[in-house]
Number of protein chains: 2
Amino acid sequence: MARRTKEDAQKTRELLIEAAENVFFEKGVSKASLNDIAVAAGVTRGAIYWHFKNKHDVFEAMIERLKTPLEMLHDAIEHPDEPDPLGRFRELIIYLTQQISRDPRRRRVYEIMFLKCELTEQNEPLGSKHRQAFLDGTVRIRKALESALKRGQLPADINIEQAIVQLHVQLTGLIYMWLLLPGSFDFEREAEHIIDTYFYALQHCFGADGLTCGG
Amino acid sequence: MARRTKEDAQKTRELLIEAAENVFFEKGVSKASLNDIAVAAGVTRGAIYWHFKNKHDVFEAMIERLKTPLEMLHDAIEHPDEPDPLGRFRELIIYLTQQISRDPRRRRVYEIMFLKCELTEQNEPLGSKHRQAFLDGTVRIRKALESALKRGQLPADINIEQAIVQLHVQLTGLIYMWLLLPGSFDFEREAEHIIDTYFYALQHCFGADGLTCGG
DNA sequence: CTATACATACATTCGTGTATGTATGTATCA
DNA sequence: TGATACATACATACACGAATGTATGTATAG
């Protein structure tokens with residue numbers, strides 16, 4: 001029971017990441033031992049130390065495997081020929097939320113990152129990655145809104161920074177709350193409601209100095 | 001170095017909780033050892049095991065110390081004689097967000113609970129408490145909105161469930177994002193913006209079947 | 001034959017829980 | 001009022017398991 005073919009080794013690696021996902025999910029990242037992961041994958045710690053440096057390395061590999069091919073969609077939104085960037089952006093957000101609610105693996109990893117993982121200074125660069133993911137999200141939202149603005153899909157006097165934060169906040173809260181209390185509401189339904197309300201408010205309520213249309 | 005007066009003992013207990021807050025914050029709950037906490041408090045583990053059962057017990061004591069006297073304010077909102085429940089509710093939310101941003105201890109504990117603590121099944125009843133806090137929040141939001149509804153401050157055909165989720169989601173996301181990226185926006189400012197936009201949308205956009213006034 | 005892909009064995013560290021030691025506060029009684 | 005007895009508030013010491021990293025063994029693919 002030793003060295004098999006190259007593909008078998010790669011398969012073992014995938015198995016280990018899969019097992020790590022499950023163990024991280026069940027016990028939390030810090031209480032998950034490498035032995036737990038190895039046993040869950042049907043191997044020993046030797047296999048882990050062959051493929052990875054340590055637990056952090058396994059964790060990062062798990063995250064890396066989830067790198068989304070969403071960039072293309074973002075590129076489409078930002079393309080100057082796109083006639084309806086706001087519509088594409090809406091579609092993208094819907095797609096993102098559907099991904100989270102329908103792809104079990106993605107959901108598991110999100111749940112691990114939001115609820116079963118400690119972001120401390122000692123645990124860097126774990127927190128940095130998480131933060132960077134959020135900063136990237138901000139950049140994407142900004143680009144999308146700016147494209148929509150250039151296309152005349154948004155009021156010219158809109159407060160972009162405020163709009164960015166508000167959308168990001170709502171998506172973050174939506175995902176967090178659903179991961180924490182999955183049964184408390186219909187995720188995809190609420191996602192649509194929130195996005196539509198947000199876009200409506202974008203059209204009517206975001207003057208340069210806060211709420212300018214009522215209240 | 002032994003038994004001092006009752007008040008001294010109580011002081012030691014407070015010191016230990018204070019130290020635990022700092023150590024939890026710096027190292028994360030699971031990587032914080034009881035020795036770390038004891039040293040940070042200038043005592044030994046013996047003192048901890050005298051005052052608490054184990055690390056979980058320390059954690060719960062830390063949470064317990066934060067129990068807010070917000071109930072009174074909620075009671076005021078729900079009081080049938082209150083002429084402006086929606087206004088009081090807005091004040092309450094503003095007050096809550098100000099508390100988080102201005103009280104360092106409260107902020108630290110929130111940060112520990114959101115970012116530096118793993119909510120797993122094995123870690124119960126830690127996750128249960130966190131979830132229960134959210135469920136309590138839902139109940140409070142519902143009561144406030146219902147009071148406002150009875151007072152005629154909201155459209156009669158409003159979709160209450162949707163409104164509850166949307167507010168809770170926004171507050172959650174706001175707090176989470178600010179704890180994760182404190183420098184990325186002005187917390188109190190955005191809190192007001194979000195609340196005002198939300199209340200405006202409440203007045204105009206929440207028909208029984210989603211968005212009914214535009215988009 | 002040699003590097004690979006693991007399994008096995010070992011040493012070490014770290015955290016926990018508990019048992020025990022100890023000095024001081026406090027109540028009791030004379 | 002002072003001596004005694006006991007409870008309190010810790011500190012210290014010990015035993016144990018668990019997790020880690022590494023060193024080494026080993027069978028097989030190429």
Side-chain angles (χ1 to χ4, degrees), chain A residues 1-20 22-62 116-118 120 122-124 126, chain B residues 1-62 112 116-118 120 122-124 126:
Chain A
M1 49 195 58
R3 164 141 209 258
R4 319 226 279 282
T5 183
K6 285 269 189 198
E7 297 91 42
D8 285 344
Q10 186 59 24
K11 210 167 188 174
T12 299
R13 198 188 126 97
E14 296 293 325
L15 251 174
L16 282 171
I17 297 181
E18 189 81 21
N22 291 322
V23 177
F24 286 160
F25 183 83
E26 287 166 17
K27 310 186 78 171
V29 174
S30 58
K31 297 202 90 179
S33 78
L34 292 182
N35 192 53
D36 292 333
I37 296 172
V39 168
V43 294
T44 68
R45 284 190 308 128
I48 295 183
Y49 279 104
W50 174 256
H51 286 285
F52 308 96
K53 191 182 170 189
N54 49 30
K55 194 160 76 176
H56 260 90
D57 202 26
V58 178
F59 188 90
E60 290 195 14
M62 181 188 77
K116 296 160 191 313
C117 150
E118 297 177 357
T120 71
Q122 339 281 349
N123 263 14
E124 297 293 348
L126 209 144
Chain B
M1 51 205 46
R3 166 141 208 256
R4 317 228 278 283
T5 182
K6 286 267 189 199
E7 297 91 40
D8 285 345
Q10 187 59 25
K11 212 167 187 175
T12 300
R13 198 188 125 97
E14 294 295 326
L15 250 176
L16 282 170
I17 298 180
E18 188 81 19
E21 275 186 27
N22 290 322
V23 176
F24 286 161
F25 184 83
E26 287 166 18
K27 310 186 76 170
V29 175
S30 57
K31 297 202 92 180
S33 78
L34 292 183
N35 192 53
D36 293 333
I37 296 172
V39 169
V43 295
T44 67
R45 284 191 307 127
I48 297 183
Y49 279 105
W50 174 256
H51 287 284
F52 308 97
K53 191 181 170 188
N54 50 30
K55 193 161 75 176
H56 260 92
D57 203 26
V58 178
F59 187 91
E60 291 194 14
M62 180 188 77
I112 290 168
K116 297 161 190 312
C117 149
E118 298 177 356
T120 70
Q122 339 281 348
N123 263 16
E124 298 296 347
L126 208 144

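Throughout, a chain's letter reflects where its sequence line sits, starting with A, and its residues are numbered from 1.
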Given protein heavy atoms under 4.0 Å, the one-letter contact record of nucleotides 14-19 of chain C, with B base, S sugar-phosphate only and - none, is simply -SBBB-

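An OP1 or OP2 oxygen of C/dC6 is reached within less than 4.0 angstrom by a side-chain nitrogen or oxygen of A/H51. Put simply, A/T12 has no side-chain N or O that comes within less than 4.0 Å of OP1 or OP2 on C/dA5. Checking the phosphate oxygens (OP1, OP2) of D/dC10, no side-chain nitrogen or oxygen of B/W50 falls inside 4.0 Å.
A straight line from CZ of A/F52 to C1' of D/dT22 spans 19 Å, rounded to a whole angstrom. Put simply, NZ on A/K11 is 16 Å from P on C/dA5, counting in whole angstrom units. Atom pair A/I48:CD1 and D/dA19:C1' shows a separation of 12 Å (rounding to whole Å applied). Atom CG in A/D57 sits about 14 Å away from atom C1' in D/dG21, given to the nearest Å. Going from atom CD of A/E7 over to atom P of D/dA29 covers 12 Å, rounded to whole Å.
The list of side-chain hydrogen bond (donor to acceptor under 3.5 Å, both in side chains) pairs with a residue in residues 26-38 of chain A, not counting sequence neighbours, reads A/K27-A/D36, A/S30-B/S30, A/S30-B/E118, A/S33-A/D36.
Listed by chain and number, the residues in a salt bridge (Lys or Arg N to Asp or Glu O under 4.0 Å) with A/D8 are A/R4 (sequence neighbours excluded). Under the side chain to side chain contact (heavy atoms under 4.5 Å, CB included) criterion, B/A19 pairs with B/I37, B/A40, B/A41, sequence neighbours left out. Under the side-chain hydrogen bond (donor to acceptor under 3.5 Å, both in side chains) criterion, A/Q122 pairs with no residue at all, not counting sequence neighbours. With sequence neighbours excluded, the residues forming a salt bridge (Lys or Arg N to Asp or Glu O under 4.0 Å) with B/E14 are B/R65, listed by chain and number.
Comparing C/dA7, D/dA11, D/dA9 by their nearest atom to the side chain of B/T44 picks out D/dA11.
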So A/W50 and A/L16, side chain to side chain contact (heavy atoms under 4.5 Å, CB included) or not? Walk me through it.
CA-CA 11 Å; A/W50 174 256; A/L16 282 171; over 6 Å; no

